[in-house]
2 protein chains.
Amino acid sequence: MPRGECQGQGWWHGRFRGCGYRLTIGREAILDVLSKAPGHLSAEDIYIKIHPGHPNVGLTTVYRTLDVLSSLGMVSKLDFGDGRARYELAEGPKGAHHHHHLVCTDCNKVIDYTDFIDEEVELLRETEKGLGKKYNFKITNHVIQFYGLCDKCIHKK
Amino acid sequence: MPRGECQGQGWWHGRFRGCGYRLTIGREAILDVLSKAPGHLSAEDIYIKIHPGHPNVGLTTVYRTLDVLSSLGMVSKLDFGDGRARYELAEGPKGAHHHHHLVCTDCNKVIDYTDFIDEEVELLRETEKGLGKKYNFKITNHVIQFYGLCDKCIHKK
DNA sequence: TCACTATCGAAAATGGTTTCCAATTTCAAA
DNA sequence: TTTGAAATTGGAAACCATTTTCGATAGTGA
Ligand SMILES: [Zn+2]
Ligand SMILES: [Zn+2]
Ligand SMILES: [Zn+2]
Ligand SMILES: [Zn+2]
């Protein structure tokens with residue numbers, strides 16, 4: 001099967017092999033960290049977490065693997081605007097852990113929230129419906145992030 | 001008046017002076033470009049646009065000025081995840097240039113859409129209000145992106 | 001075994017942004 | 001005017017996350 005045309009369902013081993021990729025030690029370690037560590041990890045975060053147990057996995061491999069995982073739709077690459085990308089396991093909009101982000105532009109604190117208010121749910125539903133129809137898109141996912149000042153940072157200065 | 005404590009209303013000259021900043025030629029040129037050029041400009045875009053008329057305004061000054069403008073709330077710093085920040089005059093979510101993204105995960109086509117129906121704007125406003133209250137956030141910006149398959153890619157395979 | 005890839009890590013390169021610094025400009029007070 | 005502290009400047013250098021390069025290694029199927 002040619003690369004890049006594998007967007008189907010499945011999990012780790014099968015998902016990799018079926019797409020022509022090999023599930024190597026390093027890649028497995030990276031997936032392991034992503035699945036266990038909470039929150040949003042940078043490439044370097046992952047590298048540092050892996051290093052004690054796998055000192056021969058380089059930062060380059062972390063970047064490359066995250067790229068592959070991202071293209072397979074297994075991880076989401078997030079951008080909180082602080083100049084370094086964060087990664088988290090993707091579970092899709094209907095997955096149990098789907099959440100949106102609230103990011104403080106001052107201290108970079110990130111809040112994951114899952115308890116969407118009615119307006120937000122309706123906003124998503126209506127927008128997806130309208131956009132899908134207008135642009136002939138089959139919408140499968142979304143990223144929603146609000147930026148602003150957190151509790152503490154509002155009262156600074 | 002000490003710096004950094006001026007978030008009040010006003011426009012260019014008064015706004016600057018009142019905050020202890022000086023409205024210099026370079027700064028005025030930058031504001032001028034921002035107010036005339038459509039869309040989102042990178043620091044370098046601005047530098048290049050200004051250079052013919054103001055060859056003595058350096059890229060560093062552009063960055064510094066954008067920083068000041070940003071801290072005064074006069075421009076929004078946007079992050080589209082391509083590694084370079086974009087800037088636009090702050091006009092709030094209702095501003096003329098604000099848009100969201102519709103991204104095809106198969107061919108990477110990106111549609112900028114700005115045609116929010118009033119209802120969507122309203123729901124977004126309500127959502128921001130609700131989130132702001134719930135998490136004590138002062139929300140100033142947002143990134144909303146929908147992913148899916150475009151017209152052509154739906155019918156492939 | 002034998003090619004053919006995929007994958008690897010280290011080092012170097014990249015490129016947007018920030019920092020540093022010495023020179024210049026501004027502007028209110030003297 | 002004159003003056004001096006503070007603000008501002010441009011260019012160079014530094015910074016730093018990420019990407020590219022490259023030669024070596026390991027898995028794969030025949
Ligand atoms: Zn969602
Ligand atoms: Zn904060
Ligand atoms: Zn998250
Ligand atoms: Zn918007």
Side-chain angles (χ1 to χ4, degrees), chain A residues 1-6 13 15-31 40-48 50-72 75 77-87 105 108, chain B residues 1-6 12-31 40-48 50-72 75 77-87:
Chain A
M1 181 183 304
R3 290 237 173 129
E5 295 188 11
C6 187
H13 292 72
R15 184 73 162 277
F16 257 91
R17 306 303 304 275
C19 295
Y21 295 102
R22 298 170 189 161
L23 185 54
T24 61
I25 304 287
R27 288 172 174 177
E28 202 152 19
I30 290 166
L31 274 167
H40 325 90
L41 303 176
S42 68
E44 194 182 10
D45 289 338
I46 295 169
Y47 171 75
I48 287 173
I50 285 177
H51 200 255
H54 301 84
N56 48 343
V57 173
L59 183 55
T60 308
T61 292
V62 175
Y63 274 108
R64 272 192 294 234
T65 300
L66 289 170
D67 231 32
V68 170
L69 290 170
S70 203
S71 76
L72 289 179
V75 308
K77 182 178 183 179
L78 304 173
D79 196 328
F80 294 148
D82 67 345
R84 70 173 54 189
R86 310 302 172 114
Y87 301 83
T105 53
N108 293 320
Chain B
M1 181 183 303
R3 290 234 174 135
E5 293 188 10
C6 186
W12 299 8
H13 291 74
R15 185 73 162 279
F16 258 90
R17 307 302 303 277
C19 296
Y21 294 102
R22 298 167 186 162
L23 185 54
T24 61
I25 304 286
R27 289 173 173 177
E28 201 151 21
I30 291 167
L31 275 168
H40 324 90
L41 302 176
S42 68
E44 195 182 10
D45 289 338
I46 295 169
Y47 172 74
I48 288 173
I50 285 177
H51 200 256
H54 302 85
N56 48 343
V57 173
L59 183 56
T60 307
T61 293
V62 174
Y63 274 107
R64 272 190 297 232
T65 300
L66 289 171
D67 230 33
V68 170
L69 291 170
S70 202
S71 76
L72 289 180
V75 308
K77 182 178 182 179
L78 305 173
D79 199 328
F80 294 150
D82 65 345
R84 69 173 55 189
R86 310 301 173 116
Y87 302 83

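All chains are named by letter (A, B, ...) in the order of the sequence lines, taking the proteins before the strands, and each is independently numbered beginning at 1. These numbers come from the heavy atoms of this one structure, side chains and all, not from hydrogens, waters or symmetry mates.
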Item checked: All side chain to side chain contact (heavy atoms under 4.5 Å, CB included) counterparts of Thr105(A), not counting sequence neighbours ->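 So Thr105(A) forms a side chain to side chain contact (heavy atoms under 4.5 Å, CB included) with Tyr147(A), Leu149(A).
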Next item on the list: Return the set of residues passing side chain to side chain contact (heavy atoms under 4.5 Å, CB included) with His51(B) (not counting sequence neighbours), or none when no residue passes.
Entry: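 Scan of His51(B) (side chain to side chain contact (heavy atoms under 4.5 Å, CB included), adjacent residues dropped) gives Tyr47(B), Pro55(B).
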Next item on the list: Could you pull out all residues at least two apart from Arg86(A) that satisfy salt bridge (Lys or Arg N to Asp or Glu O under 4.0 Å)?
Entry: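 So Arg86(A) forms a salt bridge (Lys or Arg N to Asp or Glu O under 4.0 Å) with Asp82(A).
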Checklist line | Set of residues satisfying salt bridge (Lys or Arg N to Asp or Glu O under 4.0 Å) with respect to Arg17(B), sequence neighbours excluded | finding: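 If we apply the salt bridge (Lys or Arg N to Asp or Glu O under 4.0 Å) test to Arg17(B), skipping adjacent residues, there are no hits.
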What is the distance, rounded to the nearest whole Å, between atom [atom1] of [X] and atom [atom2] of [N]?
X: Leu66(B); N: dG16(C); atom1: CG; atom2: P; result: 15 Å
X: Tyr21(A); N: dT5(C); atom1: OH; atom2: P; result: 16 Å
X: Ile46(A); N: dA17(D); atom1: CD1; atom2: C1'; result: 14 Å
X: His51(A); N: dA10(C); atom1: NE2; atom2: C1'; result: 12 Å
X: Phe16(A); N: dT5(C); atom1: CZ; atom2: P; result: 21 Å
X: Asp82(A); N: dT18(D); atom1: CG; atom2: C1'; result: 14 Å
X: Leu23(B); N: dA7(D); atom1: CG; atom2: C1'; result: 14 Å
X: Glu28(B); N: dT26(C); atom1: CD; atom2: C1'; result: 15 Å

Check: How does protein reach along nucleotides 19-30 of chain D, written 5' to 3' as B (base within reach of a heavy atom under 4.0 Å), S (only sugar-phosphate), or - (no contact)?
Finding: BBB-----BS--
Margin query: If you assign Gly26(A) and Glu44(B) each to the DNA chain C nucleotide with the nearest heavy atom, which residue ends up on the more 5' nucleotide?
Written below: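 The 5'-side residue here is Gly26(A).
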Checklist line | Proximal nucleotide (of dT18(D), dA17(D), dT17(C)) relative to the Arg84(A) side chain | finding: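 Of the candidates, dA17(D) comes closest.
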Check: Of all residues at least two apart in sequence or in a different chain, which pass the ring pair (Phe, Tyr, Trp, His ring centres under 6.0 Å) check with Tyr63(B)?
Finding: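 Tyr63(B): no ring pair (Phe, Tyr, Trp, His ring centres under 6.0 Å) contacts found.
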Notebook entry, point to check: With distance as the sole criterion, is a donor-acceptor pair present between the side chains of Asp45(B) and Ser42(B) under 3.5 Å?
Noted result: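 Yes, because at least one side-chain N or O of Asp45(B) sits under 3.5 Å from a partner of the opposite role on Ser42(B).
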